[in-house]
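Presented below is the structure to which this report refers.
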Amino acid sequence: MGLGHKIRTGYAKLSFLSRLARQSHDAKTLPALPCQIMKQDGDRLGSLALFGAGVSGLLGCATIAYSDEAEHGLAVPNYPWPHQGILSSYDHASIRRGHQVYQQVCASCHSMSLISFRDLVGVAYTEEETKAMAAEIEVVDGPNDEGEMFTRPGKLSDRFPQPYANEQAARFANGGAYPPDLSLITKARHNGQNYVFGLLTGYRDPPAGISIREGLHYNPYFPGGAIAMPKMLNDDAIEYEDGTPATEAQMGKDVVTFLSWAAEPEMEERKLHSLRWELR
């Protein structure tokens with residue numbers, strides 16, 4: 001006997017007993033039913049009640065889970081980052097490629113105010129390469145001997161340039177949204193590396209019944225599902241200097257590796273000190 005037939009039978013009996021209850025309430029008498037029928041119906045109704053409670057519980061859990069995903073975003077998968085091992089180091093070629101992604105894709109909106117050009121020396125670039133990179137920007141400095149501010153080429157000690165003069169300018173340019181600083185983003189977000197990668201590669205069309213306000217974009221990993229930042233990583237959006245194919249996933253992996261290094265540049269030294277301590 002199918003589950004649907006059992007449910008329909010149970011509801012029919014519930015309806016029958018409900019009518020009896022109403023009749024007994026009106027007549028103040030309960031019709032005499034054979035004990036065996038009452039027992040069978042009671043057993044079946046008890047089973048149906050337990051089944052109904054189970055279904056209600058599952059639906060309740062599903063509703064809670066859906067509400068949690070809608071509020072906090074879909075849980076991101078855990079990816080096997082190469083530098084997470086106890087004896088593993090950063091992939092420095094990936095850091096360099098990730099910096100290229102940041103420069104060409106992210107830096108027009110997102111600052112990295114805690115990172116200086118000199119931090120890249122020996123990590124992703126030579127000193128000469130980094131000096132040349134810094135010299136490409138203009139920095140407002142001063143005052144000079146006459147009390148005037150002036151511009152000069154950037155140098156190793158300068159921080160990465162800011163895309164906007166202030167928060168108000170940033171919000172005005174982004175429809176009211178404020179692009180966060182990325183210096184510590186992999187530490188500032190729960191499950192940071194996986195979250196950033198999932199967010200960057202998680203854009204898709206909204207499911208049926210979900211409408212997204214104009215100017216926002218659907219991303220299930222973002223709390224609320226609607227994010228102001230459009231999809232930024234597309235296959236071949238940039239051309240890597242080392243010839244690595246610039247797929248969406250590759251760019252996501254590289255920029256997250258770069259951001260992980262930026263948030264924890266001392267990781268390799270810390271692991272090395274720990275290993276030396278263990279080998280003493």
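Quick note: numbers below take in every heavy atom, side chains included, and nothing from hydrogens, waters or symmetry partners. This structure is a prediction, so every number in the text was calculated from the model and none was measured.
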Whether the side chain of [X] engages the backbone of [Y] through a donor-acceptor N/O pair (distance < 3.5 Å, no angle test) should be reported.
X: Ser183; Y: Leu114; value: yes
X: Thr186; Y: Gln193; value: no
X: Gln250; Y: Pro245; value: no
X: Lys187; Y: Gly192; value: no

message: I'd like to check the side-chain hydrogen bond (donor to acceptor under 3.5 Å, both in side chains) partners of Ser274; sequence neighbours left out, ordered by chain and number.
response: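 In terms of side-chain hydrogen bond (donor to acceptor under 3.5 Å, both in side chains), with neighbours along the sequence ignored, Ser274 is linked to no residue.
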- prompt: Among all residues two or more places apart in sequence or in another chain, which pass the side-chain hydrogen bond (donor to acceptor under 3.5 Å, both in side chains) test with Glu148?
  reply: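 side-chain hydrogen bond (donor to acceptor under 3.5 Å, both in side chains) check on Glu148 returns nothing, list empty.
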Between [Y] and [X], is there a side-chain heavy-atom distance shorter than 4.5 Å?
X: Pro230; Y: Met232; value: yes
X: Val196; Y: Val255; value: no
X: Ile227; Y: Tyr203; value: yes
X: Pro180; Y: Arg189; value: yes
X: Ile185; Y: Tyr195; value: no
X: Pro163; Y: Ser111; value: yes
X: Pro265; Y: Asp119; value: no
X: Trp261; Y: Val123; value: yes

field: Shared hydrophobic cluster, Ile238 / Met112 (ILVMFWY, side-chain heavy atoms < 4.5 Å)
entry: yes
message: How long is the straight-line distance from CE of Met229 back to CG of Asn219, given to the nearest 0.5 Å?
response: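 Atom-to-atom, Asn219:CG and Met229:CE are 7.5 Å apart.
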message: Using the ring pair (Phe, Tyr, Trp, His ring centres under 6.0 Å) criterion, which residues pair with Tyr79? Sequence neighbours excluded.
response: Phe197
message: Under the rule for ring pair (Phe, Tyr, Trp, His ring centres under 6.0 Å), what residues qualify as partners of Tyr218, not counting sequence neighbours?
response: none
query: Looking at residues at least two apart in the chain, or sitting in another chain, which of them share a side-chain contact (heavy atoms from CB on, under 4.5 Å) with Thr130?
result: Phe117, Leu120, Val121, Tyr125, Leu156
field: With sequence neighbours excluded, residues passing side-chain contact (heavy atoms from CB on, under 4.5 Å) with Ala173
entry: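 Scan of Ala173 (side-chain contact (heavy atoms from CB on, under 4.5 Å), adjacent residues dropped) gives Tyr164.
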message: Taking the ring of His99 and the ring of Phe160, is the distance between their centroids below 6.0 Å?
response: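 Centroid separation for Phe160 and His99: below 6.0 Å.
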query: Who passes salt bridge (charged side-chain N to carboxylate O under 4.0 Å, His left out) against Arg171, sequence neighbours left out?
result: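 In terms of salt bridge (charged side-chain N to carboxylate O under 4.0 Å, His left out), with neighbours along the sequence ignored, Arg171 is linked to Glu167.
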query: Looking at residues at least two apart in the chain, or sitting in another chain, which of them share a salt bridge (charged side-chain N to carboxylate O under 4.0 Å, His left out) with Arg276?
result: none
query: To which residues is Phe172 joined in a hydrophobic cluster, defined by side-chain heavy-atom contacts under 4.5 Å among Ile, Leu, Val, Met, Phe, Trp and Tyr, whether direct or through other members?
result: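 Noted: Phe172 shares its cluster with no other residue.
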field: Hydrophobic cluster (4.5 angstrom, side-chain heavy atoms) - remaining members for Ile86
entry: Leu87, Leu275, Leu279
query: side chain to side chain contact (heavy atoms under 4.5 Å, CB included) between Ile115 and Leu182: does it pass, once the steps are laid out?
result: CA-CA 10 Å; Ile115 307 299; Leu182 298 184; over 6 Å; no
message: Checking Glu264 against His83: is there a side-chain donor and acceptor pair closer than 3.5 Å?
response: no
task: With sequence neighbours excluded, give me every salt bridge (charged side-chain N to carboxylate O under 4.0 Å, His left out) pair touching residues 76-102.
output: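 For residues 76-102: Asp91-Lys253, Arg96-Glu129, Arg96-Glu241, Arg97-Asp242, Arg97-Asp254.
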query: Under the salt bridge (charged side-chain N to carboxylate O under 4.0 Å, His left out) rule, what pairs show up with a residue in residues 210-236, not counting sequence neighbours?
result: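 Passing the test, one end in residues 210-236: Lys231-Glu248.
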message: For a quick test of reading the model, state the closest non-hydrogen atom pair linking His217 to Ala228 and the distance between them.
response: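 Looks like CD2-O, 3.4 Å.
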